Amino acid sequence: MLDLKFIREHPDLVKEGIKKKGDVDRIDDILKLDEERRLIIQKVEALKNKRNVVSEQIAEIKKAKQDASTLISEMNSVKEQIKDLDENLKKIELELNKLMLQVPNVPHPSVPVGNKPEDNQVIFSWGKINEVDFDLKPHWELAEKLDIIDFERGVKLTGAGFPLYKSEGAKLQRALINFFLDEAKEAGYVEVQPPLMVNASSAIGTGQLPDKEDLMYVIERDELYLVPTAEVPVTNIHRDEILSESDLPLKYCAYTPCFRREAGSYGKDVRGLNRLHQFDKVELVKFVHPATSYNELESLRSDAERLLQKLNLPYRVLLMCTGDMGFTQSKKYDLEVWSTGQKRWLEVSSISNFEAFQARRLNVRFKSEGSKPEYVHTLNGSGLALPRVVAAILENYQTPEGKIIVPKVLHKYTGFEVIG
RNA sequence: GGAGAGGUGUCUGAGUGGUUGAAAGAGCCGGUCUCGAAAACCGGUAUCCACUUUCUGUGGAUCCAGGGUUCGAAUCCCUGCCUCUCCGCCA
C-alpha cells in the first residue's frame, strides 16, 4: 500500500509508476474519494465536538438538579446526524481502502521499463557452463535411476507436485537446508522457525489476501492458510509494532516448507522438480532503515549469490523490468541457475526491496529519539529454494556413468561424496 | 472438547454511566544534587486522523475487535477473537 498523502501530493509520479508496471490507474477515483472523505470528517468532527461540549453541560445541569430535557432533545438530532455521516464515511473509507490496495508500488528509477521477458536485464553472470562429450540427462531421469526421488509414489500419497525424497535424496535436502541456514547465520541473520499456517490477518499483511487467495492452500474449517513462503510468517513477526531505530536492521532467516497450489501450470515447466506444490526453502527477510534499503538489497543479493558460488553452480542475475516484477516490489532481482540437463535457466531466488509498501500494510514502524514513528523498509530474498538447486546439482554434477558428485561444501552435511 | 475467570498506556495495576487519555507505582528520558555514581527531589514520557500552522495550535478517535443502548460508555448489553485456571484428550 502506498501512502495516501504521497498520492495526494504526487499524483503524477504515482500514475507514471502504475503505467510502467502496466496496471490499471484508479488514482483519480482515489483522489475524489479522499476529498469526499475529508469533507465528511470535518463535518462529523464538528458535530462530535458539539456533542462532547453539550454532554458536559448536561452533566453540570444535572449535578445542579435542574432540568436538561431541552438540551437532551436537541442532542437527539445531532446524534442522528453523526450516525448518518459516520455511516457514509465508513462506506467511503471502505471503497477508498479497496482502491488503495489495488495501487501497485512505484518502481525505483533504476528499474528498466518493459513488460516482456526480454526486457529483464542480465546484469551479472557467474560460473562456467559445462561442455562435455557425453549425453547430459535431466534431473528427473537421474533421480529415478539413482532411486533418490520417487515422483510416482508422491502422486499416490498426495498428487502431482509432491515428491517423495528418499535415501541420499532425502539427506541431500537436509544437507542443503543446514548449509543455507549456517551460511545465513554467518551473514548475521537470526534463525526463526515460524508456524507453517497463518491466519487471515497475516496473509493480508504480506499481500496474499485478498487477491491471491488461489495461490494458497486454505484450511477452511479453522480459517488458516498454509504458508506459500516463509516470507508470510516472518514478515508478520513485527506487524503492528514500533521498533526502536537502534534495532535496525533486523535480519531473519527461516527454513520452511512452502505450499503452493500453482493452479494453471503445465508442460515442461512442471516436469520433475521444476515446479512443485510443496517444496523447501530458506528465506531471508530484513527490516531496515529507509535510508539504507538499497544498500541492503545489494547485500541481500550477495548473500544469496554466495550460496550458488560455494556450490559452484553457474548462474546469472536478472534485474527484473517494471512489468515483470510484481505488484509490491520497487526493485527485484532474480537469480537463475543453469540447468545443464534441460539446457535452460531456472529461477532459484527472487530478491526484492518493497520499500515501505509492505510496512505500511503491516504497520511496522521505527522510532528514533525525539522524532515521530516512521515506516521501515522491508526486503526479502530466497536463500535459496531447494528443488531447482537440487535439479541443478544433479544435472551439473553428473558423471558419464550417471553418478552424482556431491559439491564439496556439502560433504560435511551429507556424509557422502558421491551418489550412485 | 467441557466448566470457570479475564482482556486498561512500555510494564504492574486502580477504575461499574458525566473534567478518566485514563489514579498509583515501576521503567525510560531530561534536570537538580555529586569529584563521579547511587539515593533523594523536580519535570517529561502513546498512537492515528482532520483542520490550521510549520515555533506551534485546535478538534476528533483510540482502555482486545465489531455492533448496540444512552444527551453522554473504559464502565451497561450482544457477537467475535485472544489469554489464564480446572477437567478431558494427547506427541
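The model shown is predicted, which means the values in this text are computed figures rather than measured ones. In what follows, every chain begins at residue 1, and chains take the letters A, B, ... in the order their sequences are listed.
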>> Rounded to whole Å, how long is the line connecting atom CG of A/Leu71 with atom P of B/U70?
In response: 18 Å
>> Just the rounded figure in Å: distance from C1' of B/C48 to CZ of A/Arg361.
In response: 19 Å
>> Can you work out whether A/Asn76 or A/Lys5 has the more 5'-proximal nearest nucleotide on RNA chain B?
In response: A/Lys5
> Taking atom C1' in both B/U8 and B/A14, what distance in whole Å separates the two?
Replying inline: 10 Å
>> Could you tell me how far apart A/Ile92 (CD1) and B/A50 (C1') are, to the nearest whole angstrom?
In response: 14 Å
> Listed in order of residue number, which residues of residues 40-48 of chain A have a non-hydrogen atom at under 4.0 Å from RNA chain B?
Replying inline: A/Ile41, A/Gln42, A/Glu45, A/Lys48
>> Say we look at B/C41 and B/A24: how far apart would their P atoms be, to the nearest angstrom?
In response: 15 Å
> Atom NZ of A/Lys372 and atom P of B/U54: how far apart are they, to the nearest Å?
Replying inline: 17 Å
> For the residue pair A/Phe259 and A/Tyr217, does the interplanar ring angle fall in the parallel (under 30°), tilted (30 to 60°) or perpendicular (over 60°) class?
Replying inline: perpendicular
>> Could you identify the nucleotide paired to B/U69, looking across every strand shown and requiring Watson-Crick or G-U wobble geometry with both distances under 3.5 Å?
In response: none
> Roughly how many Å is it from NZ in A/Lys50 to C1' in B/U58, rounded to a whole number?
Replying inline: 19 Å
> Tell me: CD1 of A/Ile242 to C1' of B/C11, nearest whole Å?
Replying inline: 16 Å
> Between A/Ile61 (CD1) and B/G72 (P), how many Å, whole number?
Replying inline: 15 Å
> Pairs in or reaching into residues 409-420 of chain A: which pass side-chain hydrogen bond (donor to acceptor under 3.5 Å, both in side chains), with residues at least two apart or in two chains?
Replying inline: A/Asp182-A/Tyr413
>> Let's go through A/Asn274 and A/Gln342 carefully: what are the C-alpha distance in whole Å and the side-chain angles of both, what is the deciding distance for side-chain hydrogen bond (donor to acceptor under 3.5 Å, both in side chains) to 0.1 Å, and is it a yes or a no?
In response: CA-CA 10 Å; A/Asn274 287 349; A/Gln342 302 180 72; 2.7 Å; yes
> Given A/Lys281 and A/Thr229, is the side-chain hydrogen bond (donor to acceptor under 3.5 Å, both in side chains) satisfied, shown in steps?
Replying inline: CA-CA 8 Å; A/Lys281 178 159 65 64; A/Thr229 157; 2.8 Å; yes
>> Distance check needed: B/G60 C1' versus A/Leu85 CG, whole Å only.
In response: 13 Å
Please tabulate the protein-to-nucleotide N/O contacts below 3.5 Å involving nucleotides 16-19 of chain B, giving atom names and distances.
{"from": "B/G18", "atom 1": "N2", "to": "A/Ser55", "atom 2": "O", "distance (Å)": "3.2"}

> Using a distance-only test with no angle check, is there a side-chain donor-acceptor pair under 3.5 angstrom linking A/Arg239 and A/Asn236?
Replying inline: yes
>> Name the residue from A/Glu191, A/Lys286, A/Glu283, A/His238 that meets the side-chain hydrogen bond (donor to acceptor under 3.5 Å, both in side chains) definition with A/Tyr252.
In response: A/His238
>> Please confirm whether the shortest side-chain N or O distance from A/Arg51 to OP1 or OP2 of B/G60 is below 4.0 Å.
In response: no
> Using the C1' atom in both, what is the distance from B/U20 to B/A61, to the nearest Å?
Replying inline: 16 Å
> When rounded to the nearest Å, what value does the distance between P atoms of B/U69 and B/G7 take?
Replying inline: 25 Å
>> Less than 4.5 Å apart, side chain to side chain, heavy atoms only: is that true for A/Pro407 and A/Ile393?
In response: yes
Table of protein N/O atoms under 3.5 Å from nucleotides 65-68 of chain B N/O atoms:
{"from": "B/G67", "atom 1": "OP1", "to": "A/Lys90", "atom 2": "NZ", "distance (Å)": "2.1"}

> What interatomic distance, in whole Å, is found between P of B/G80 and the corresponding atom of B/U45?
Replying inline: 40 Å
>> Taking B/C51 as the reference, what is the distance to B/A65 when you measure between their P atoms (whole Å, please)?
In response: 25 Å
>> Please give the distance between the P atoms of B/G60 and B/U19 as a whole number of Å.
In response: 15 Å
> Taking the side chain as C-beta and beyond, is there a heavy-atom pair between A/Leu33 and A/Ile30 under 4.5 Å?
Replying inline: no
> At under 4.0 Å between heavy atoms, what does A/Arg360 touch on the DNA or RNA strands: base, sugar-phosphate, or nothing?
Replying inline: nothing
> What is the pairing partner of B/A37, taking Watson-Crick or G-U wobble pairs with both distances under 3.5 Å in any strand?
Replying inline: none
> Which nucleotide sits closest to the side chain of A/Arg37: B/C71, B/C49, B/C48?
Replying inline: B/C49
> Any side-chain N or O of A/Arg38 less than 4.0 Å from the OP1 or OP2 oxygen of B/C49?
Replying inline: no
>> Keeping A/Asn105 on the side-chain end and A/Phe354 on the backbone end, is there a donor-acceptor pair under 3.5 Å?
In response: yes
>> Any strand counts, and the cut-off is 3.5 Å on both contacts for Watson-Crick or G-U wobble. Which nucleotide pairs with B/A91?
In response: none
> Any idea how A/Tyr315 and A/Phe124 line up, ring-wise: parallel (<30°), tilted (30 to 60°), or perpendicular (>60°)?
Replying inline: tilted
>> With a 4.0 Å cutoff (strictly under), does any side-chain N or O of A/Asn52 reach OP1 or OP2 of B/A61?
In response: yes
>> Checking base pairs now: Watson-Crick or wobble, both atom distances under 3.5 Å. What partners B/U83?
In response: B/A5
>> For B/U62, give the paired nucleotide (Watson-Crick: N1-N3 plus N6-O4 or O6-N4; G-U: N1-O2 and O6-N3; both under 3.5 Å), or none.
In response: B/A46
> Quick one: salt bridge (charged side-chain N to carboxylate O under 4.0 Å, His left out) partners of A/Glu36, sequence neighbours excluded?
Replying inline: none
> Can you list every pair that meets side-chain hydrogen bond (donor to acceptor under 3.5 Å, both in side chains) and has a residue in residues 159-170 of chain A, with sequence neighbours left out?
Replying inline: A/Asp147-A/Lys166
>> Using Watson-Crick or G-U wobble geometry with both distances under 3.5 Å, which nucleotide pairs with B/A22?
In response: none
> On a whole-Å scale, what distance lies between the C1' atoms belonging to B/G15 and B/A73?
Replying inline: 13 Å
>> If you assign each of A/Asp3 and A/Met75 to its closest nucleotide in RNA chain B, which residue comes earlier from the 5' end?
In response: A/Asp3
> Atom CD1 of A/Ile27 and atom NZ of A/Lys19: how far apart are they, to the nearest 0.5 Å?
Replying inline: 14.0 Å
>> I'd like to know whether the aromatic ring centres of A/Phe366 and A/His289 sit less than 6.0 Å apart in this structure.
In response: yes
